[in-house]
S.K.: 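Structure provided below as structure tokens; questions to follow.
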Amino acid sequence: MANIILLGPPGAGKGTQARLLVEQRGMVQLSTGDMLRDAKASGSAMGRRVAEVMDRGQLVTDEIVIGLIEEKLSAGAGAGFIFDGFPRTLAQADALARLLERIGQRLSAVIEMRVDDAALLARITGRFTCGNCGEVYHDVTRPTAVPGKCDVCGATDLRRRADDTEESLKQRLMEYYKKTSPLIGYYYATGDLFSVDGLGAVEAVAAEISGVLDGEGD
Ligand code: ADP
Ligand code: AMP
């Protein structure tokens with residue numbers, strides 16, 4: 001069983017690769033971004049509290065996201081967890097280590113996806129997703145076969161994220177470089193870090209990630 005973190009800036013392709021790993025390996029994707037967007041859409045008290053922070057492109061508090069992850073970890077791991085967009089701070093990384101230890105699990109690998117800022121902007125501003133099944137598309141690199149209709153489930157509820165704007169991306173990148181990129185050094189030091197070139201085609205990146213997982217093989 002493998003528990004992995006996909007680490008990278010907004011738009012690096014973490015969600016796209018996580019969905020492939022779920023499909024191909026039966027792993028469980030834990031995306032704090034998706035959980036927070038669900039909370040926001042449900043109109044819960046927590047959702048209302050995080051909405052503005054997310055739209056501004058800032059990080060929500062460690063306490064909230066650690067609580068979300070803690071809840072999901074107790075539900076069982078399938079063939080392993082894929083942490084997508086979590087941890088994003090050193091405090092979250094410490095909390096994850098504690099939570100995994102508590103359930104008798106450990107990290108297999110932290111996969112850093114490297115993509116330059118110009119490519120991130122093109123990816124973020126072209127992104128849209130299926131509101132029904134969550135499939136991730138792009139206006140240029142991965143359009144739907146039939147305009148307005150999800151290839152996977154046929155739904156017509158295709159959405160763009162409120163924070164997928166050039167202005168918000170600037171803020172999200174600043175948060176990434178200030179608060180999240182120190183995790184690269186941290187996981188290098190723990191010996192868990194693997195870096196892949198996130199600029200290649202989706203299949204090429206997936207092959208690199210598979211290489212890491214099969215090399216780790218636990
Ligand atoms: P993240 O979860 O890291 O924010 P996503 O997986 O949502 O990133 O990808 C962001 C956008 O880039 C989406 O529109 C997706 O279709 C596209 N994308 C993802 N991986 C690639 C790739 N390797 N090449 C080109 N476009 C990609
Ligand atoms: P994402 O879907 O990963 O791009 O996340 C979207 C937004 O949700 C981020 O810009 C943050 O506001 C918030 N968010 C998601 N994950 C975290 C996290 N681990 N820590 C803090 N904020 C988060």
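Scope of the values below: all heavy atoms of this structure, side chains included, with no hydrogens, waters or symmetry mates. Counting starts at 1 for both ligands and their atoms, in listed order. All residue numbers in this chain count up from 1 along the given sequence. Quantities reported herein were computed from a predicted structural model and do not represent experimental measurements.
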S.K.: I need the Lys72 NZ to Phe81 CZ distance, nearest 0.5 Å.
M.R.: 10.5 Å

S.K.: Can you tell which of Arg19, Arg172, Arg123 gets a heavy atom nearest to atom 27 (C) of ligand 1?
M.R.: Arg123

S.K.: Below 4.0 angstrom, N of the basic side chain to O of the carboxylate: do Arg19 and Glu23 qualify?
M.R.: no

S.K.: Which of the numbered atoms in ligand 1 are under 4.0 angstrom from any heavy atom belonging to Gly15?
M.R.: 1 (P), 2 (O), 6 (O)

S.K.: Does any N or O of ligand 1 fall below 3.5 Å from an N or O anywhere on Ile124, backbone included?
M.R.: no

S.K.: Tell me whether Arg159 is salt-bridged to Asp164, with the criterion being a basic N under 4.0 Å from an acidic carboxylate O.
M.R.: no

S.K.: State whether the shortest distance between N or O atoms of Gly200 and N or O atoms of ligand 1 falls below 3.5 angstrom.
M.R.: yes

S.K.: Is the shortest N/O to N/O distance between Gly126 and ligand 1 below 3.5 Å?
M.R.: no

S.K.: Between the main-chain N or O of Leu59 and the side-chain N or O of Glu175, is there a donor-acceptor pair closer than 3.5 Å?
M.R.: yes

S.K.: With no hydrogens and no angle check, just 3.5 Å: does a side-chain donor-acceptor pair link Asp192 and Tyr186?
M.R.: no

S.K.: Have a look at ligand 1 and work out which part of Phe128, if any, has a heavy atom under 4.0 Å from it: side chain, backbone, both or neither.
M.R.: neither

S.K.: How does Ala204 reach ligand 1, if at all, at less than 4.0 Å between non-hydrogen atoms: by side chain, backbone, both, or neither?
M.R.: neither

S.K.: At less than 4.0 angstrom from any non-hydrogen atom of Tyr137, what atoms of ligand 1 do you find?
M.R.: 13 (C), 14 (O), 16 (O)

S.K.: Where is the nearest protein heavy atom to atom 7 (O) of ligand 1: which residue, which atom, and how far?
M.R.: Arg127 NH1, 2.6 Å

S.K.: Around ligand 2, what residues show up once you keep those with a heavy atom under 4.0 Å from it?
M.R.: Thr32, Gly33, Leu36, Arg37, Met54, Gln58, Leu59, Val60, Val65, Gly85, Phe86, Arg88, Gln92, Arg161, Asp163, Arg172

S.K.: Does atom OH of Tyr177 have more than 12 heavy-atom neighbours from other groups under 6.0 Å away?
M.R.: yes

S.K.: If you measure every N/O of Arg142 against every N/O of ligand 1, is any gap under 3.5 Å?
M.R.: no

S.K.: Which atom pairs, one a donor and one an acceptor, fall under 3.5 Å between side chains of residues 140-155 and the rest of the protein, sequence neighbours left out?
M.R.:
residue	atom	partner	partner atom	Å
Thr141	OG1	His138	ND1	3.4
Arg142	NH1	Glu135	OE2	3.4
Arg142	NH1	Val136	O	3.1
Arg142	NH2	Glu135	OE2	3.3
Thr144	OG1	Val146	O	2.9
Asp151	OD1	Ala145	N	2.8

S.K.: Any carboxylate oxygen within less than 4.0 angstrom of a Lys/Arg side-chain nitrogen, looking at Lys40 and Asp55?
M.R.: yes

S.K.: Are any of the side-chain nitrogens in Arg102 or Glu70 under 4.0 Å away from the carboxylate oxygens of its partner?
M.R.: yes

S.K.: Check this for me: does any side-chain nitrogen of one of Arg25 and Asp214 sit under 4.0 Å from a carboxylate oxygen of the other?
M.R.: yes

S.K.: Which heavy atom of Ile82 sits nearest to which heavy atom of Ala18, and what is that distance?
M.R.: CD1-O, 3.6 Å

S.K.: Report, in ascending order of atom number, the atoms of ligand 1 lying under 4.0 Å from any heavy atom of Val136.
M.R.: 7 (O), 13 (C), 15 (C), 16 (O)

S.K.: Go through the steps for Arg127 and Arg123 under the test side-chain contact (heavy atoms from CB on, under 4.5 Å), then give the verdict.
M.R.: CA-CA 6 Å; Arg127 168 163 59 187; Arg123 287 189 183 181; over 6 Å; no

S.K.: Out of Ser31, Gly8, Gly13, Ala206, indicate the one that has the non-hydrogen atom closest to atom 8 (O) of ligand 1.
M.R.: Gly13

S.K.: Between Asp62 and Thr89, is any side-chain donor less than 3.5 angstrom from a side-chain acceptor?
M.R.: yes

S.K.: Under 4.0 Å, heavy-atom basis, I'd like to know which part of Thr141 is in contact with ligand 1: side chain, backbone, both or neither.
M.R.: side chain

S.K.: What is the closest protein heavy atom to atom 19 (C) of ligand 1, and at what distance does it sit?
M.R.: Thr16 OG1, 3.5 Å

